Amino acid sequence: MNYWLMKSEPEVFGIDHLLNMPQRTEHWDGVRNYQARNMMRDQMRLNDRVFFYHSNCAEPGIVGLMRVSREAYPDFTAFDPNSNYHDPKSDPDQPRWYMVDVTYERHLKRNISLRELKPYADGPLAGCPLLRKGNRLSIMPMSPEQWDFILGLE
DNA sequence: GCCAACGTTGGC
DNA sequence: GCCAACGTTGGC
């Protein structure tokens, strides 16, 4: 069992969007970063647990929980010329980009903001990529200890 | 293989 | 809207 954090802009696809999808499930498309892709493709496993993080908004932070409900498969939006995520260099016979499916589990009882987590960067959350300066990864691993600590703040 | 230019992310 | 940080691209 692995633990993850995945970022999305609430205006584009927020946790309420996921909640309202059929089966409360959606594919996590549009990842166009190799490091993030490798983690999805090589390490994410069915039923892994995931924090849903809202980025680029008034109060960035963790807003809910999801589970991985389908392991990595080719991100078909890369093949679609009409998609924002179109990448002509991704060949259907040799896909460059992958995605997983995620399923909504629950909202946190309250949002746990980045601002609230920052003071723990030198303590319980030391080494957590979320708190590393300049971090831009949209998908990052969490240790079980970090996961438990953050949920404990709820 | 280096590295400057460029584009993107994402907090503020 | 600004801008720091970082990844990618492409000329050489």
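These numbers were taken from a predicted model, which means no experiment stands behind them. Order of the sequence lines fixes the chain letters, A, B, ..., with proteins taken first and strands second; residue numbering starts at 1 for each chain.
In plain terms, the two heavy atoms of A:L130 and A:N135 that are nearest each other are CA-ND2, 4.1 Å. When every heavy atom of A:M142 is checked against every heavy atom of A:Q146, the shortest pair comes out as CA-OE1, 3.6 Å.
The phosphate of B:dT8 (OP1 or OP2) has no side-chain N or O of A:Y85 nearer than 4.0 angstrom. Of the side-chain N and O atoms in A:K7, none sit less than 4.0 angstrom from OP1 or OP2 of B:dT9. Put simply, A:K89 has a side-chain N or O that comes within less than 4.0 Å of OP1 or OP2 on C:dT9. A sub-4.0 Å separation between OP1 or OP2 of C:dA4 and a side-chain N or O of A:K133 is absent.
When only modelled atom types and interatomic distance are considered, A:S113 and A:N111 share no side-chain donor-acceptor pair under 3.5 Å. Donor-acceptor pairing under 3.5 Å is recorded for the side chains of A:Y73 and A:D101.
Atom P of nucleotide B:dT9 and atom CG of A:L114 are separated by 18 Å, given to the nearest angstrom. Rounded to a whole Å, the CG atom of A:N135 is 12 Å from the P atom of B:dC12. Regarding A:N84, its CG atom lies at a distance of 16 Å from the C1' atom of B:dG7, rounded to whole Å. Between A:L131 atom CG and C:dA5 atom P the separation is 16 Å, expressed in whole Å. What separates CG of A:N33 from P of B:dG10 is a distance of 9 Å, to the nearest Å. With rounding to whole Å, A:L117 atom CG is found 12 Å from B:dG11 atom P. Between A:E11 atom CD and B:dG11 atom P the separation is 14 Å, expressed in whole Å. In this entry the distance linking CG of A:N56 with C1' of C:dC2 reads 13 Å, nearest Å.
Residue A:R96 has its side chain nearest to C:dT9 when only B:dG10, C:dT9, C:dT8 are considered. Among B:dG11, C:dG7, C:dT8, the nucleotide with an atom closest to any side-chain atom of A:Y34 is C:dT8. Nearest to the side chain of A:K118, among C:dT9, C:dT8, B:dG11, sits B:dG11.
Side-chain atoms of A:R32 come within 3.5 Å of backbone N or O of A:Y85 as a donor-acceptor pair. Without hydrogens or angle criteria, A:D80 side chain to A:N82 main chain gives a donor-acceptor distance under 3.5 Å.
Contacts of A:L130 with the nucleic acid, taken as non-hydrogen atoms under 4.0 Å apart, are absent.
Comparing the start and finish of the helix from B:dG1-C:dC12 to B:dC12-C:dG1, five pairs each, the helix axis swings through 10°, to the nearest 10 degrees.
Using a cut-off of 4.0 Å between Lys/Arg side-chain N and Asp/Glu carboxylate O, A:R45 and A:E71 are scored as salt-bridged.
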